[in-house]
Amino acid sequence: MLLILLNPDTYLWIMAGAACFVSLVLLLIRHFTRRRWLRRVWLLLVLALWLLLIDGIFITPRQLTVRHEEFVSADLPEAFDGYRILHFSDAHVASYTGWRQPLLERAIDSIIAQQADLIVFTGDLQNKLPDDITPYVEQLSRLKARDSVFAVLGNHDYPMYVDCDPYTKMDLLETTTSLESKMGWCLLSNHHRIIRRGNDSIVIAGMENDGEGRFPQLGNINHALYGLSRQTFIVMLEHDPTAWRRKILPECHAQLTLSGHTHGGQLSLLGLSPAAFNYQEHSGMYHIGHRAMNVSTGLSGVVPFRVGVRPEIVVITLKRKKSQ
């Protein structure tokens, strides 16, 4: 809960304060160390600590990446061969304060520049309250695609971090969803939409957040896919990637799932990320048989700090597998 109580810049000041304290301790140890090589080690540790802090606050968050992926499936209708989906996630727009404000505009410009057939957002638009979204409605309304913008809710989009009565929580959730509608986004809360090209079609389905432990577990596949045949090509949107193995793979035939939530751990050193300890799938494209899931590392976070994990948008091109 502490991660939701403070504003984003406060966390950075806390981190800077902690870095000062640790640096002071290391320099004191160095002062009482007699061996010259060990004194150099302590000094290098202090320098490394501050380089990581500067990189995490000012450098990596600016390095927006456009990742390109292909998903090949024999189930894809011929008319959708080459269809392009722009996937982004975890915007946490309340974190775009101060000098970071232009970064959101840059991300929106980059999304538009891809000229994808479809844009999908896989949750966590706000940090805590719908008031987080309000200042950015005009900017986010710029996102347009030929086949619309689809979205699902992430755990932060529910009023789970607010201490209030159930009726107020219902009002807050309704405000969040109405703001997304105002932006022209189609919110899929255990629902689906059909996209057509002539006589061919694919389905974009969206589950409500379905996480583990303290996170909301509201996903309902039967509702999301109601009335669809097993021959349908389905792109499933679900914020939490843990739902892929728990529900999506065993309970439906959705060929491609798009998720976020993990932020890639927001930290990766020598290829190691803390997200790997909590999630089997935490960043990138994963395949099991003929099915796949893409996990986006997202754009931002409640704490706007990243080292070794760049903010990203993902362009996924659907390809029809040719018969042998």
Side-chain angles (χ1 to χ4, degrees), residues 66-89 108-123 140-152 180-181 183-208 219-239 244 248-249 251-260 285-296 312-324:
V66 181
R67 175 161 59 91
H68 291 268
E69 300 282 357
E70 281 191 358
F71 177 64
V72 181
S73 174
D75 299 330
L76 184 71
E78 185 174 353
F80 288 87
D81 189 18
Y83 191 84
R84 298 169 75 245
I85 300 173
L86 189 294
H87 175 206
F88 75 111
S89 192
I108 292 171
D109 288 341
S110 296
I111 292 170
I112 294 171
Q114 305 310 311
Q115 297 183 325
D117 297 290
L118 177 72
I119 297 173
V120 300
F121 175 71
T122 49
L140 294 167
S141 297
R142 294 177 53 218
L143 294 177
K144 308 290 183 185
R146 176 182 179 182
D147 292 318
S148 191
V149 179
F150 290 92
V152 291
E180 295 201 15
S181 296
M183 296 182 319
W185 296 12
C186 178
L187 184 63
L188 299 175
S189 297
N190 294 327
H191 294 292
H192 68 264
R193 292 289 186 272
I194 299 174
I195 297 175
R196 302 184 187 279
R197 291 285 189 274
N199 294 326
D200 288 339
S201 64
I202 63 172
V203 165
I204 309 299
M207 290 170 56
E208 291 207 48
N220 190 315
I221 288 179
N222 289 332
H223 286 178
L225 304 182
Y226 181 77
L228 298 177
S229 72
R230 291 198 57 87
Q231 284 71 46
T232 307
F233 183 89
I234 298 170
V235 177
M236 178 70 79
L237 311 183
E238 162 56 44
H239 178 67
W244 192 47
I248 297 171
L249 289 178
E251 296 182 20
C252 75
H253 71 280
Q255 291 88 344
L256 177 62
T257 298
L258 306 179
S259 294
M285 186 77 88
Y286 299 85
H287 296 264
I288 293 181
H290 301 296
R291 304 168 71 181
M293 176 174 66
N294 181 68
V295 182
S296 171
E312 70 172 10
I313 58 178
V314 188
V315 179
I316 302 172
T317 303
L318 304 183
K319 292 288 188 178
R320 179 178 171 82
K321 186 176 182 180
K322 307 301 181 181
S323 57
Q324 299 295 328

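Scope of the values below: all heavy atoms of this structure, side chains included, with no hydrogens, waters or symmetry mates.
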Going by atom type alone, with no hydrogens or angles, which donor-acceptor pairs under 3.5 Å involve a side-chain atom of residues 221-231 and a protein atom two or more places apart or on another chain?
{"unit_1": "Ser229", "atom_1": "OG", "unit_2": "Gln231", "atom_2": "N", "d": "3.4"}
{"unit_1": "Ser229", "atom_1": "OG", "unit_2": "Thr232", "atom_2": "OG1", "d": "3.3"}

Nearest 0.5 Å, please: how far is OG1 in Thr317 from CZ in Arg84? 5.5 Å

Spacing of CD belonging to Gln114 relative to CD1 belonging to Ile313, to within rounding of 0.5 Å: 4.5 Å

Nearest heavy-atom pair of [X] and [Y]: which atoms, and what distance?
| X | Y | result |
| --- | --- | --- |
| Phe71 | Ala292 | CE1-CB, 3.5 Å |
| Leu76 | Lys319 | CD2-C, 3.5 Å |
| Ser89 | His239 | OG-ND1, 4.5 Å |
| Glu312 | Val295 | OE2-O, 4.0 Å |
| Ala205 | Leu188 | C-CD1, 3.9 Å |
| Met207 | Met236 | CG-SD, 3.6 Å |

Could you walk me through whether Ile316 and Leu256 pass side-chain contact (heavy atoms from CB on, under 4.5 Å), step by step? CA-CA 10 Å; Ile316 302 172; Leu256 177 62; 4.3 Å; yes

Test Asp147 against Arg197 for salt bridge (Lys or Arg N to Asp or Glu O under 4.0 Å), laying out the working first. CA-CA 11 Å; Asp147 292 318; Arg197 291 285 189 274; 2.7 Å; yes

Which residues satisfy the ring-ring contact (aromatic ring centres under 6.0 Å, His included) test with Phe80, sequence neighbours excluded? Tyr83

For [X] and [Y], indicate whether the former's side chain and the latter's backbone hold a donor-acceptor pair under 3.5 Å.
| X | Y | result |
| --- | --- | --- |
| Ser259 | Glu238 | yes |
| Asp75 | Phe233 | no |
| Arg67 | Val314 | no |
| Arg291 | Leu249 | yes |

Within-4.5 Å side-chain heavy-atom neighbours: [X] and [Y]:
| X | Y | value |
| --- | --- | --- |
| Val66 | His68 | yes |
| Asn220 | Glu208 | no |
| Ile234 | Gln255 | yes |
| Leu143 | Trp185 | yes |
| Pro77 | Ile202 | yes |
| Ser73 | Lys321 | no |
| Leu237 | Phe121 | no |

Apply side-chain contact (heavy atoms from CB on, under 4.5 Å) to residues Met293 and Ile248 and explain how you reach the verdict. CA-CA 10 Å; Met293 176 174 66; Ile248 297 171; over 6 Å; no

Working note: Ile85 + Leu258, criterion side-chain contact (heavy atoms from CB on, under 4.5 Å); need CA distance, chi angles, decisive distance, verdict. CA-CA 10 Å; Ile85 300 173; Leu258 306 179; 4.2 Å; yes

List in chain and number order the residues that pass side-chain contact (heavy atoms from CB on, under 4.5 Å) with Ser201, two or more places apart in sequence or in another chain; answer none if no residue qualifies. Ile194, Arg196

With a 4.0 Å cut-off, would you call Asp81 and Lys322 a salt bridge? yes

Quickly, which of Val235, Leu187, Val120 forms a side-chain contact (heavy atoms from CB on, under 4.5 Å) with Phe150? Name it, please. Val120

Near Gln115 CD, under 6.0 Å, is it more than 12 heavy atoms from other residues, nucleotides or ligands? no

